[in-house]
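All residue numbers in this chain count up from 1 along the given sequence. Here the structure is a predicted model, which is why all the values come from computation and not from measurement.
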Amino acid sequence: MSQAARAAEAAPFSIAPLTPTIGAEISGIDLSKPMTAGLLAVLRQALLDWKVIFFRDQDITTDEHLAFARQFGELEVHPFAPQKPGYPEVLAITHDRDSKGRENVWHSDVTWRLCPSLGSVLRALEVPEVGGDTLFSDMYAAYDGLSDDVKERIDGAIAIHDFAHFRKMMRNRGMSEAEIEEMNKMYPMAEHPVVRTHPETGRKGIYVNTAFTQYIVGMERAESDALLAHLYAQAAIPEYQCRFRWQKNSIAFWDNRACQHYAVSDYWPAVRRMERVTIIGDRPR
């Protein structure tokens, strides 16, 4: 029996794994209520074991959503994404007939920050009758599956991450170059290891992604592009993945240091309305 399986048996709530290594549905817990230190520790261990944990039928308020996430650390305010009025820490993510989903790329959140997120807590308010699933990919397994030659090439390598996608959006919205330059100064390009060592588990995982990684430092651009393309492709291997079908009041809590995710945009013109709260992490090592 694996360590994660033994932990699941001992937990004060039910843990139902979706796959052998990533994703587990948690039942028998009410996220609207404060947790004891012991319960919080067990839930945190479940997150470390499964990289993403899911909850159903959590009809909680925005304040309760924030309070749950704050038990795991300080919350960030996203400088580019739409916020819920009156709640700067809450991302309001709505797609409908006039706004097609665009998060359908494999990525880790906010890796353009010097200290990217520990994780995010995403709550479903309104979902399509069918479609709009989210996939998660285990970056430990992705690293372990690399050839020894590739592991040797990326050992100690550093990659540059940038918010280039958001910069384009700002220009499209009419922001001036002077305003954009101020954002560049506030959020300079970040250097992160290509292979990150998780600060709590000590495990190695791939830490580059298609959304924000630009190039590997010290490599010819063609070599960097080819190597990054190979690393990006690992997230798309089904054996490393789990898939979650949303329902109203479902919640996903993922460890942004250990997995990537992909929001499937197959539901247009239906409505998919979510709210996300993100926990600040540490500087990758």
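Taking the six-membered ring for Trp and the full ring otherwise, the centers of W254 and F244 sit at least 6.0 Å from each other. Ring centroids of F166 and Y187 are separated by 6.0 Å or more, keeping the two rings apart.
Classification of the F55-F68 ring pair by plane angle, with boundaries at 30° and 60°, yields perpendicular. H107 and H261 have tilted rings, their planes meeting at an angle from 30° to 60° on a 0 to 90° scale.
Within the model, atoms CZ of F13 and CG of L43 stand 4.5 Å from one another, a figure rounded to the nearest 0.5 Å. A distance of 3.5 Å separates NZ in K84 from CD in E275, rounded to the nearest 0.5 Å. The line from CZ of R113 to NE2 of H78 is 6.5 Å long, rounded to the nearest 0.5 Å. To the nearest 0.5 angstrom, T278 atom OG1 is 9.0 Å from L122 atom CG. Here N249 contributes atom CG and L31 contributes atom CG; the two are 11.0 Å apart, rounded to the nearest 0.5 Å. A distance of 4.0 Å separates CG of D138 from NZ of K51, quoted to the nearest 0.5 Å.
Contact check for F54 versus S250: no side-chain heavy atoms found under the 4.5 Å cut-off. Side-chain contact between V150 and L231 is present, with heavy atoms from C-beta onward closer than 4.5 Å.
Nearest approach of W246 to G132, heavy atoms of both residues: CD1-O, 3.2 Å. The two residues R102 and S99 make their nearest non-hydrogen contact at NH1-OG, 4.3 Å. Nearest heavy-atom pair across R276 and S120 is NE-OG, 3.6 Å. Across every non-hydrogen atom of A270 and P128, the tightest pair is CB-CB, 4.0 Å. Between L39 and P12, the shortest heavy-atom distance links the atoms CD1-CG, 3.7 Å. Nearest heavy atoms, M35 versus Q71: N-OE1, 3.0 Å.
Listed for the S14 side chain is no donor-acceptor partner under 3.5 Å among the backbone atoms of S27. W50 places no side-chain N or O within 3.5 Å of a backbone atom of T21 that could act as its donor or acceptor partner. The main-chain N or O of I60 is found under 3.5 Å from a side-chain atom of R123 such that the two form a donor-acceptor pair. Distance alone, capped at 3.5 Å, places no donor-acceptor pair between the Q83 side chain and the A81 backbone.
A side-chain hydrogen bond (donor to acceptor under 3.5 Å, both in side chains) check over residues 228-243, counting only residues at least two apart or in different chains, returns the pairs D133-R243.
Salt-bridge annotation for D155 and K151: absent, with no side-chain N of the basic residue lying under 4.0 Å from a carboxylate O of the acidic one. A salt bridge links R167 to D162: one of the charged nitrogens lies within less than 4.0 Å of a carboxylate oxygen. No salt bridge links R173 with E179; every basic N to acidic carboxylate O contact stays at or beyond 4.0 Å. A salt bridge is absent between R196 and D255; no separation between the charged side-chain nitrogens and carboxylate oxygens falls under 4.0 Å. Between K33 and E64, no side-chain nitrogen of the basic residue sits less than 4.0 Å from a carboxylate oxygen of the acidic one, so the salt-bridge criterion is not met.
With sequence neighbours left out, Y140 forms a ring-ring contact (aromatic ring centres under 6.0 Å, His included) with no residue at all. When the ring-ring contact (aromatic ring centres under 6.0 Å, His included) test is applied to H161, the partners found at least two apart in sequence or on another chain are H192. Taking the ring-ring contact (aromatic ring centres under 6.0 Å, His included) definition, one finds that H198 meets it with nothing, sequence neighbours left out. Y215 pairs by the ring-ring contact (aromatic ring centres under 6.0 Å, His included) definition with nothing, not counting sequence neighbours. Every side-chain contact (heavy atoms from CB on, under 4.5 Å) that D63 has, sequence neighbours left out, goes to T61, L66, Y87.
Looking only at atom types and distance, the side chain of S117 has a donor-acceptor partner in the side chain of N256 under 3.5 Å away. A side-chain donor from one of T111 and N209 sits under 3.5 Å from a side-chain acceptor of the other.
Atom CD of E74 has 12 or fewer neighbouring heavy atoms from other residues, nucleotides or ligands inside a 6.0 Å radius. For E152, the CD atom counts as loosely surrounded, since its 6.0 Å shell holds 12 or fewer non-hydrogen atoms of other residues, nucleotides or ligands.
For the side-chain contact (heavy atoms from CB on, under 4.5 Å) with V208, the qualifying choice from L227, T213, V195, I160 is T213, the only one to do so.
Hydrophobic clustering (side-chain heavy atoms under 4.5 Å, transitive across Ile, Leu, Val, Met, Phe, Trp, Tyr) keeps L18 apart from I29. Note: the hydrophobic cluster containing M139 does not contain L135 (ILVMFWY, side chain heavy atoms under 4.5 Å, direct or indirect links).
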